[in-house]
K.L.:
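Here's a structure for you.
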2 protein chains.
Amino acid sequence: MPTTLPTDPAANGAATVLKAAASAGANVCFANPGTTEMPIVSALDSMPGLRAVLGLHENVCTGAADGYARIAGKAALTLLHLGPGLANGLANLHNARRAHSPVVNLVGDHTSRHLAYDAPLTSDIAALARTVGSVRTARHRETLAEDLVAAVASATHRPGVASLVVPADLQQATWTGDPLDPDPVTCPPALVPDDRVAEVAEIVEKHGRDVVLLLGGPALSRTAQLAAGRVAAATGATLLAETFPARAERGGGLPGVDRLPYFPEAAVRALEGRQVVLAGAPDPVAYFGYAGMPSRLAPEHLVHRLSGPGQDGEHALVALAERLGGDLPGDDRAQAGAEERAGDRAGNPAAPGPALPPASQPLDGRSVGAALAALLPAGAIVSIEGGTCGYPFFTASAAAPAHTCLTNTGGAIGQGLPVALGAALAAPDRPVVALQSDGSGLYTAQALWSMAREHCDVVVLVAANHAYGVLRTELGRHGDPDPGPQARALTSLGEPRLSWTDLAHGLGVPASRATTVGELATRFTAARATPGPHLIEMAL
Amino acid sequence: MPTTLPTDPAANGAATVLKAAASAGANVCFANPGTTEMPIVSALDSMPGLRAVLGLHENVCTGAADGYARIAGKAALTLLHLGPGLANGLANLHNARRAHSPVVNLVGDHTSRHLAYDAPLTSDIAALARTVGSVRTARHRETLAEDLVAAVASATHRPGVASLVVPADLQQATWTGDPLDPDPVTCPPALVPDDRVAEVAEIVEKHGRDVVLLLGGPALSRTAQLAAGRVAAATGATLLAETFPARAERGGGLPGVDRLPYFPEAAVRALEGRQVVLAGAPDPVAYFGYAGMPSRLAPEHLVHRLSGPGQDGEHALVALAERLGGDLPGDDRAQAGAEERAGDRAGNPAAPGPALPPASQPLDGRSVGAALAALLPAGAIVSIEGGTCGYPFFTASAAAPAHTCLTNTGGAIGQGLPVALGAALAAPDRPVVALQSDGSGLYTAQALWSMAREHCDVVVLVAANHAYGVLRTELGRHGDPDPGPQARALTSLGEPRLSWTDLAHGLGVPASRATTVGELATRFTAARATPGPHLIEMAL
């Protein structure tokens, strides 16, 4: 009983939007559509260059788009249903914004004439979208392709989140005058001017060991870190990474660049009395404001910027290294140099990796971090969410084979599993590990189902300590080290006890449990040997 | 290592806010706090009149607050962490707004001075909050109590959603000049003027059988429906309920008021050529705009309003019935009258209830609807989400013992389980059933965990058809009855197959499975006999 006039799905507005997206270089669409997006859903099947991936919650879609964009280095699409669908995905869009990931949201809206009637699902979509990036609402059938390309361009150039609202009537409308193939949207990052590099070189040379080079964004590529390593070797400067990088290459002979500590006391100590040179990293500010602690982790006059997030930090660091000279020390240099020449991101298999802790050792943050560093296959991507195991792993993984770390950039929890999903789809030939805390993992556990449906080779390691651990710490910092029953209950995931193996089974993902390093190693190896996702609940 | 100055948790701003909330009548707080809400979390334990309930996702918290408010008839609090926490809860706040449920969000924010530094979790909280209701940001310690009372008043008087943003420094600050006990905020609904009732009476009398009385909001109380039944008996008018009532009393001898159909063709037919009198219901407009269908389901000049959502529709209908006379026909009248006098919401146990379909019958929307109507205990609350079983149950339940139905008011899916949680906490003496479709249930399955933690007597019936069924229908309506593989994949929850029993076990809730009416009846009876929640996966 179709009451709408069926339009040729290859010629309607929905097809125009998708065709323009594919031509502009956005080939994957993480979708949870509804009635107002049906023309787009129908048109997908006449669009071979565009792969649709269903997420069972919009925050899975937006987080996966972020993960995809981080690894693929180009824009990913989402397809979301009206204001509530966009609202559900906002938390991971917030994270994508902080990651400077190009994500383009296609958001359906009511047929234009219907908006005046305030039907139940009507809401202010543009106001929601504006909180995470740019937004445009399509108004004319004739300019739909341009609207889409402008959204991709906005997401790519900022880079960040762009939303395009497409009313249902425009999706259905035909028009024969479509421009066919927009060029792929690209955006080479802006070069840092030579005189800026020269100014920074002077500072680094003058202050030597009293310099911290704080690396972030594109300055955490392999090439950038190798260049930073040369600078450190020549000048004695200390290298640190931003606390929550969108994408950091690690291991395989790269210098051991640890992260700026999370808590402000330790971060202030790490930067104290130093000149702080920012390469791609944001201004060093505390994650939260605490009474008695400064918001800035270093005095403003001691902070210098080599490159910002939209700039080519890699090129700037190479230019800095060329000015300051310096070789990578010892083994690091030989190994890293060899890799660079061979273009082998897997690292030198002959180099000694980190040792696996004793098999009988129980699991805690430190033993899990060390074990995963030892078990990590070359070329892996690790999506890290949560501090319990995340910090120890990052530290330990400097000695692991070459791999890529993705972290939670914006602090909205529920990002680790979706990002792992998106990363796995962007790099189907690379093993993916999600190192996930339990509290945050529960926010978007539906991502497990999409991993199973898409046959993603992801090993999900859940750190099951059955608590919002960081909040227990924060209660203590707030002067409440012995919280009352309500405060305890609000920071506990026990009573009842969650079972991640049952949850995974429910979502179609095989799962097992580990309580010691030996069990973890056995399960991890078995999971790696089986195609598709596998979850290991680590009893901490 | 507390770096903040511990303040007396009974005298700081957090305590002021909570004390004012409890005094204003808001005694339950559905919470998922973070670092910026720790002072409020700490203060909860010195606030015996305020119960905190942890939700493992903010959309559980906001949906539960909505459910609580619908049953308790007064404001419920949420406690949310910054912009992303609020964003996560927006979908069910959208539904709460459409339900006219008084919900007050307490949203923490960074310490005021820290906002300038654009730390990772900084975002435009007020812009998000404005999309669902009123918002105020606390600026001064001295006026915190007033701010809170104003938020409760805003939520109660509109009624709807109100948000209060409380920066962390204000939560921590002490001040000894607090006013102690604001009065409870109440808001008797506005009376409909007599001359309006008289005008409507004239229309109803004149047009008789050509009148549809469309009941919604407060006009779906028992008293209001009994009055509407008298009007129908006297005039021949047809009674219909709005399609998605926030709270509708049903059964136990009430007139059989079915809902206005969802799809516009059927809804237009139901209203065609009739005078439409709105008692508490919104203007009858189509849920979505379809090409070739009007947005209005009835011409504007035939629509008359007796009472709006903020008005006392119950009183207006009683007044209308007094003008038009009429008795309830036969048994209905006797039974309903008896109940009214006895104040017994459980209905007349002697009246014949609906019959259970044959035990061997397989489960589908119709057999589930009929079976639940037959099995329903008197006094039950039923949270309905999803059409597959929801519509047939509502129709069948007219003959069931007296119960209360809660539906998804705003169309943002993921509302049924949280609303059931909130309803169960508001009415611990009443049995609660969640009749839940699988696709929408997956949005907020974390609510199951809170039901287990709070020992709520909820029977969750999941209609597992492994598809976004309504979208398959909508694809057909859009002219795509035989969708391609991508469109099929985007509307299917199969591959892999979800297991709701495993999901429930993972979240700490006992679960079973039923494939026939007989199995459903057995499991339902067993679930009812055991304290705490139980989930039954119904294989459709």
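Sequence lines set the chain letters: A, B, ... in the order given, protein chains first and strands last, and positions in each chain run from 1.
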K.L.:
For the side chain of A/His94 and the backbone of B/Pro120, is there at least one donor-acceptor N/O pair under 3.5 Å apart?
P.N.:
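Yes, A/His94 side chain to B/Pro120 backbone: donor-acceptor pair under 3.5 Å.
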
K.L.:
Using non-hydrogen atoms and a 4.5 Å limit, figure out which bit of A/Ala452 sits close to chain B: side chain, backbone, both or neither.
P.N.:
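Backbone plus side chain of A/Ala452, per the 4.5 Å heavy-atom cut-off to chain B.
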
K.L.:
If I take atom CG from residue A/Leu50 and atom CD from residue B/Gln486, how far apart are they, to the nearest 0.5 angstrom?
P.N.:
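Spacing of CG (A/Leu50) from CD (B/Gln486) equals 7.5 Å.
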
K.L.:
So which heavy atom on B/Leu471 is nearest to which on A/Thr35, and how close?
P.N.:
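Smallest heavy-atom distance, with atoms named: CD2-N, 3.6 Å.
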
K.L.:
Of the listed residues (B/Ala127, B/Pro483, B/Pro33), which shares the most heavy-atom pairs with chain A below a 4.5 Å separation?
P.N.:
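Heavy-atom pair counts peak at B/Pro33.
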
K.L.:
Identify the two heavy atoms, one from A/His114 and one from B/Ser295, that lie closest to each other, and give their separation to 0.1 Å.
P.N.:
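Heavy atoms only, the tightest pair is ND1-OG, 2.7 Å.
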
K.L.:
Tell me if a side-chain donor or acceptor on A/Arg453 pairs with a main-chain N or O of B/Pro496 at a distance below 3.5 Å.
P.N.:
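Between the backbone of B/Pro496 and the side chain of A/Arg453 there is no qualifying donor-acceptor contact (under 3.5 Å).
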
K.L.:
B/Val53 versus chain A, heavy atoms under 4.5 Å apart: side chain, backbone, both or neither?
P.N.:
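When you check distances to chain A, only backbone atoms of B/Val53 fall under 4.5 Å.
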
K.L.:
May I have the step-by-step check of side chain to side chain donor-acceptor pair (under 3.5 Å) for B/Gln446 and A/Tyr443, ending in yes or no?
P.N.:
CA-CA 8 Å; B/Gln446 302 96 327; A/Tyr443 268 61; over 6 Å; no

K.L.:
Mind ranking B/Gly410, B/Gly83, B/Pro481 by heavy-atom pairs under 4.5 Å with chain A and telling me who comes out on top?
P.N.:
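Winner by heavy-atom pair count: B/Gly410.
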
K.L.:
What are the two closest non-hydrogen atoms of A/Val285 and B/Ala119, and how far apart are they?
P.N.:
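A/Val285 and B/Ala119 have their closest heavy atoms at CG2-CA, 4.1 Å.
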
K.L.:
Chain A heavy atoms under 4.5 Å from B/Arg130: which part of the residue, side chain, backbone, both or neither?
P.N.:
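Contact with chain A: none, neither part.
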
K.L.:
So for A/Ser112, is it side chain, backbone, both, or neither that comes closer than 4.5 Å to the heavy atoms of chain B?
P.N.:
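Contact with chain B is absent: no heavy atom of A/Ser112 under 4.5 Å.
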
K.L.:
Test your reading of the model: is there a side-chain donor-acceptor pair from B/His478 to the backbone of A/Gln172, 3.5 Å cut-off?
P.N.:
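Not confirmed, B/His478 side chain does not pair with A/Gln172 backbone.
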
K.L.:
Using the rule side chain to side chain contact (heavy atoms under 4.5 Å, CB included), only one of B/Leu128, B/Ile125, B/Thr131 pairs with A/Thr131; which is it?
P.N.:
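Going through the options one by one, the only one that passes is B/Leu128.
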
K.L.:
Using a cut-off of under 4.5 Å for heavy-atom pairs, which of B/Leu475, B/Leu442, B/Thr111, B/Val132 has the most such pairs with chain A?
P.N.:
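Top count of heavy-atom pairs under 4.5 Å with chain A: B/Leu475.
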
K.L.:
I would like to know whether A/Asn32 and B/Tyr468 meet side chain to side chain donor-acceptor pair (under 3.5 Å); could you show each step before the answer?
P.N.:
CA-CA 10 Å; A/Asn32 191 292; B/Tyr468 288 127; 3.2 Å; yes

K.L.:
Under 4.5 Å, counting heavy-atom pairs only, tell me which of A/Leu82, A/Leu507, A/Asp502 racks up the most with chain B.
P.N.:
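Heavy-atom pair counts peak at A/Asp502.
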
K.L.:
Which answer fits B/Ala286, side chain, backbone, both or neither, if we ask what part of it has an atom under 4.5 Å from a heavy atom of chain A?
P.N.:
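For B/Ala286, heavy atoms of backbone and side chain both lie under 4.5 Å from chain A.
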
K.L.:
Please classify the contact between B/Pro294 and chain A as side chain, backbone, both or neither, with a heavy-atom cut-off of under 4.5 Å.
P.N.:
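Interface part for B/Pro294: backbone (N, CA, C, O).
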
K.L.:
Just so I understand: if I count every heavy-atom pair under 4.5 Å between each of A/Leu44, A/Leu93, A/Leu86, A/Asp124 and chain B, which residue has the most?
P.N.:
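Counting heavy-atom pairs under 4.5 Å, the top option is A/Leu44.
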
K.L.:
Could you tell me which portion of B/Asn59 (side chain, backbone, both or neither) has an atom closer than 4.5 angstrom to a non-hydrogen atom of chain A?
P.N.:
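Looking at B/Asn59, just its side chain touches chain A.
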
K.L.:
Flag the pair B/Leu56 / A/Leu493 as yes when at least one side-chain heavy-atom distance between them is below 4.5 Å, and no otherwise.
P.N.:
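Yes - at least one pair of side-chain heavy atoms lies under 4.5 Å apart.
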
K.L.:
Heavy-atom pairs under 4.5 Å with chain A are the metric here; pick the option from B/Leu79, B/Asp118, B/Val60 that has the most.
P.N.:
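If we count pairs closer than 4.5 Å to chain A, B/Asp118 comes out on top.
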
K.L.:
For B/Thr501, which atoms come within 4.5 Å of any heavy atom of chain A: side chain, backbone, both, or neither?
P.N.:
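Contact with chain A involves no heavy atom of B/Thr501 at all.
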
K.L.:
Excluding sequence neighbours, so at least two apart, what forms side chain to side chain contact (heavy atoms under 4.5 Å, CB included) with B/Ser440?
P.N.:
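Here the qualifying residues are B/Glu385, B/Ile413, B/Gln436, B/Ser437.
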
K.L.:
What residue, out of B/Glu37, B/Arg51, B/Met38, has the most heavy-atom pairs lying under 4.5 Å from chain A?
P.N.:
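Of the options given, most contacts go to B/Met38.
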
K.L.:
Using a 3.5 Å distance criterion without hydrogens, assess whether the side chain of A/Asp45 forms a donor-acceptor pair with backbone atoms of B/Ala487.
P.N.:
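Yes; judged by distance alone, with no hydrogens or angles, the pair exists.
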
K.L.:
I need the minimum non-hydrogen distance between B/Pro84 and A/Ala91, along with the two atoms involved.
P.N.:
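Scanning both residues, the minimum pair turns out to be O-CB, 4.4 Å.
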
K.L.:
Of the non-hydrogen atoms in B/Ala52 and A/Leu490, which two are nearest, and what is the gap between them?
P.N.:
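In this case the closest contact between B/Ala52 and A/Leu490 is CB-CD1, 4.0 Å.
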
K.L.:
Mind checking what makes side chain to side chain contact (heavy atoms under 4.5 Å, CB included) contact with B/Arg497, not counting sequence neighbours?
P.N.:
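With sequence neighbours excluded, B/Arg497 shows a side chain to side chain contact (heavy atoms under 4.5 Å, CB included) to B/His466, given in chain and number order.
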
K.L.:
May I ask you to test the A/Leu498-B/Trp449 pair for a side-chain heavy-atom distance under 4.5 Å?
P.N.:
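The answer is yes; the side chains approach within 4.5 Å.
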
K.L.:
Non-hydrogen atoms of chain A under 4.5 Å away: do they reach the side chain of B/Thr409, the backbone, both or neither?
P.N.:
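Just its backbone gets close to chain A.
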
K.L.:
Check for a donor-acceptor pair, side chain of A/Arg98 on one end and backbone N or O of B/Leu121 on the other, with a separation under 3.5 Å.
P.N.:
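Such a contact is absent between A/Arg98 side chain and B/Leu121 backbone.
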
K.L.:
For the residue pair A/His110 and B/Phe288, is the inter-centroid distance of their aromatic rings smaller than 6.0 Å?
P.N.:
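Yes.
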
K.L.:
So which of A/Gly85, A/Gly506, A/Ser492 has the largest heavy-atom pair count under 4.5 angstrom toward chain B?
P.N.:
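Sorted descending by pairs with chain B, the first entry is A/Gly506.
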
K.L.:
Against chain B, work out which of A/Asn92, A/Ile40, A/Leu115, A/Thr122 has the most heavy-atom pairs shorter than 4.5 Å and name it.
P.N.:
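Highest number of heavy-atom pairs under 4.5 Å: A/Thr122.
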
K.L.:
Name the option with the most non-hydrogen atom pairs under 4.5 Å to chain A; the candidates are B/Ala116, B/Ser499, B/Gly508, B/Gly439.
P.N.:
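The residue among B/Ala116, B/Ser499, B/Gly508, B/Gly439 with the greatest pair count is B/Ser499.
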
K.L.:
Taking all heavy atoms of A/Arg113 and all of B/Met293, pick out the closest pair and write down the distance.
P.N.:
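Taking A/Arg113 first and B/Met293 second, the nearest heavy atoms are NH2-O, 2.9 Å.
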
